Amino acid sequence: MPEDAKQKILATALRLFAENGFVKTSINDIVRASGLSKGGVYWHYASKDEIVAAVFDQFFDAQITVIKAILADENLRAAEKLMRLIEVSGSDLEEMVSQFPSSLEFYALAARDKLLRDHLIQYFDLYQGYIAQLVDQGIADGEWRQVDPQSTALTIITLFEGALLVWGVMPSRFHLSEQLEKSIALLIEGLKHRE
């Protein structure tokens, strides 16, 4: 039952965040809309920021699951895995953002709130580790030239997050999945091992 209450709180918060944004949604709004008591909500989450972090943790956990599945596919070369990851992540992000407030608002919150920033950093560290493994694979297979895997992984994350932020500013002029695929294709071209 406690997990049901937690999921109800998160689902309610997600809906309210999508309708009103993070800043305009209060913990009292979440309490009222969830139908739970204030104490019931606070039993699971000490603050609205904890709820925001939990909502994003769900998304991040789903992304990590996707990354692990793609990396485990032994039938794909490194470049194919990276393109597959971008295809899946881009479409997942477009779907998520359609039911969620702006990524700009989340980054603004994370810049001001240590809890959210720490959650984001943990995710980026984990993400960087997995992408570095993929870069290592490309180098080991001779598909890509010798580069620093950690630095290259950080570059890939930067491309991805930068595209997300630009999309947040001008979504009608910027097709996220398409731009991510073009950006990563250029990066892959630069990584290719040349004789």
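What you see is a predicted model, and the numbers here were worked out from it, not measured in a lab.
- The OH atom of Tyr42 sits 4.5 Å away from atom CD1 of Ile27, with the distance rounded to the nearest 0.5 Å.
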- Message: Determine whether Phe60 and Leu120 satisfy the following criterion, side-chain contact (heavy atoms from CB on, under 4.5 Å), listing intermediate values before the conclusion.
- Response: CA-CA 9 Å; Phe60 294 150; Leu120 196 55; 3.6 Å; yes

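- When side chains are defined from C-beta on, Met83 counts as touching Glu181, because their heavy atoms get closer than 4.5 Å.
- Residue Gln179 holds its CD atom at 12.5 Å from CZ of Arg173, rounded to the nearest 0.5 Å.
- Residue Lys182 holds its NZ atom at 12.0 Å from OG of Ser177, rounded to the nearest 0.5 Å.
- In this structure the side chain of Leu10 never reaches within 4.5 angstrom of the side chain of Leu14, judged on heavy atoms.
- Considering only heavy atoms from C-beta on, Leu16 comes within 4.5 Å of Glu19 through its side chain.
- No continuous path of ILVMFWY side-chain contacts below 4.5 Å connects Ile131 to Leu186, so the two sit in separate hydrophobic clusters.
- Between the side chain of Lys48 and the main chain of Phe22, a donor-acceptor pair closer than 3.5 Å is present.
- Under a hydrophobic clustering in which Ile, Leu, Val, Met, Phe, Trp and Tyr are joined whenever their side-chain heavy atoms come within less than 4.5 Å, directly or via other members, Tyr127 and Ile121 fall into different clusters.
- Residues Phe124 and Val52 share a hydrophobic cluster, clusters being chains of Ile/Leu/Val/Met/Phe/Trp/Tyr side chains in contact below 4.5 Å.
- Side-chain atoms of Trp144 and Thr152, non-hydrogen and from C-beta on, never get closer than 4.5 Å to each other.
- In this structure, the side chain of Asp29 engages the main chain of Ser26 through a donor-acceptor pair within 3.5 Å.
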- Query: Do Glu87 and Arg84 pass the salt bridge (Lys or Arg N to Asp or Glu O under 4.0 Å) test, and can you show the C-alpha distance, the side-chain angles, and the key distance before you say yes or no?
  - Reply: CA-CA 5 Å; Glu87 290 167 11; Arg84 181 73 185 125; 3.5 Å; yes

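- You'll find the side chain of Leu176 reaches within 4.5 Å of the side chain of Leu180, heavy atoms only.
- At least one donor-acceptor pair under 3.5 Å links the side chain of Glu50 to the backbone N or O of Ala46.
- Between Gln7 and Gln58, the side chains place a donor N or O and an acceptor N or O closer than 3.5 Å (distance only, hydrogens not considered).
- Here the shortest heavy-atom pairing between Glu80 and Arg77 reads OE1-N, 2.7 Å.
- Smallest separation of non-hydrogen atoms from Arg145 and Gly190: NE-O, 2.9 Å.
- Side-chain contact between Tyr123 and Gln63 is present, with heavy atoms from C-beta onward closer than 4.5 Å.
- When every heavy atom of Ala110 is checked against every heavy atom of Leu116, the shortest pair comes out as CA-CB, 3.9 Å.
- To the nearest 0.5 Å, atoms CD1 (Ile156) and CG (Leu134) are separated by 6.5 Å.
- Note: Phe160 CZ to Ile184 CD1 = 9.0 Å, rounded to the nearest 0.5 Å.
- The closest donor-acceptor contact from the side chain of Gln146 to the backbone of Ile139 lies at 3.5 Å or more, if one exists at all.
- What you find for Lys8 and Ser34 is that their closest heavy atoms are CE-O, 2.7 Å.
- Rounded to the nearest 0.5 angstrom, Asn75 CG and Lys81 NZ are separated by 9.0 Å.
- Two residues are said to be in side-chain contact when any heavy atoms from C-beta on lie closer than 4.5 Å; Val31 and Ser37 fail this criterion.
- No continuous path of ILVMFWY side-chain contacts below 4.5 Å connects Leu164 to Leu154, so the two sit in separate hydrophobic clusters.
- At a threshold of 4.5 Å between side-chain heavy atoms, the hydrophobic network of Ile, Leu, Val, Met, Phe, Trp and Tyr places Leu115 and Trp43 in two separate groups.
- Of the possible polar contacts, none joining the Ser151 side chain to the Asp148 backbone as a donor-acceptor pair under 3.5 Å is found.
- In plain terms, the two heavy atoms of Ala132 and Ala153 that are nearest each other are N-CB, 3.6 Å.
- The main-chain N or O of Ala111 is found under 3.5 Å from a side-chain atom of Arg117 such that the two form a donor-acceptor pair.
- Side chains of Lys68 and Tyr130 form a contact here, defined as non-hydrogen atoms less than 4.5 Å apart.
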- Item | side-chain contact (heavy atoms from CB on, under 4.5 Å) between Ile30 and Phe17, intermediate numbers included | CA-CA 9 Å; Ile30 296 168; Phe17 292 151; 4.2 Å; yes

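- Under the 30°/60° scheme for interplanar angles, the aromatic rings of Phe56 and Phe59 are found to stand perpendicular.
- The shortest heavy-atom contact between Thr12 and Ala33 is CG2-CB, 3.4 Å.
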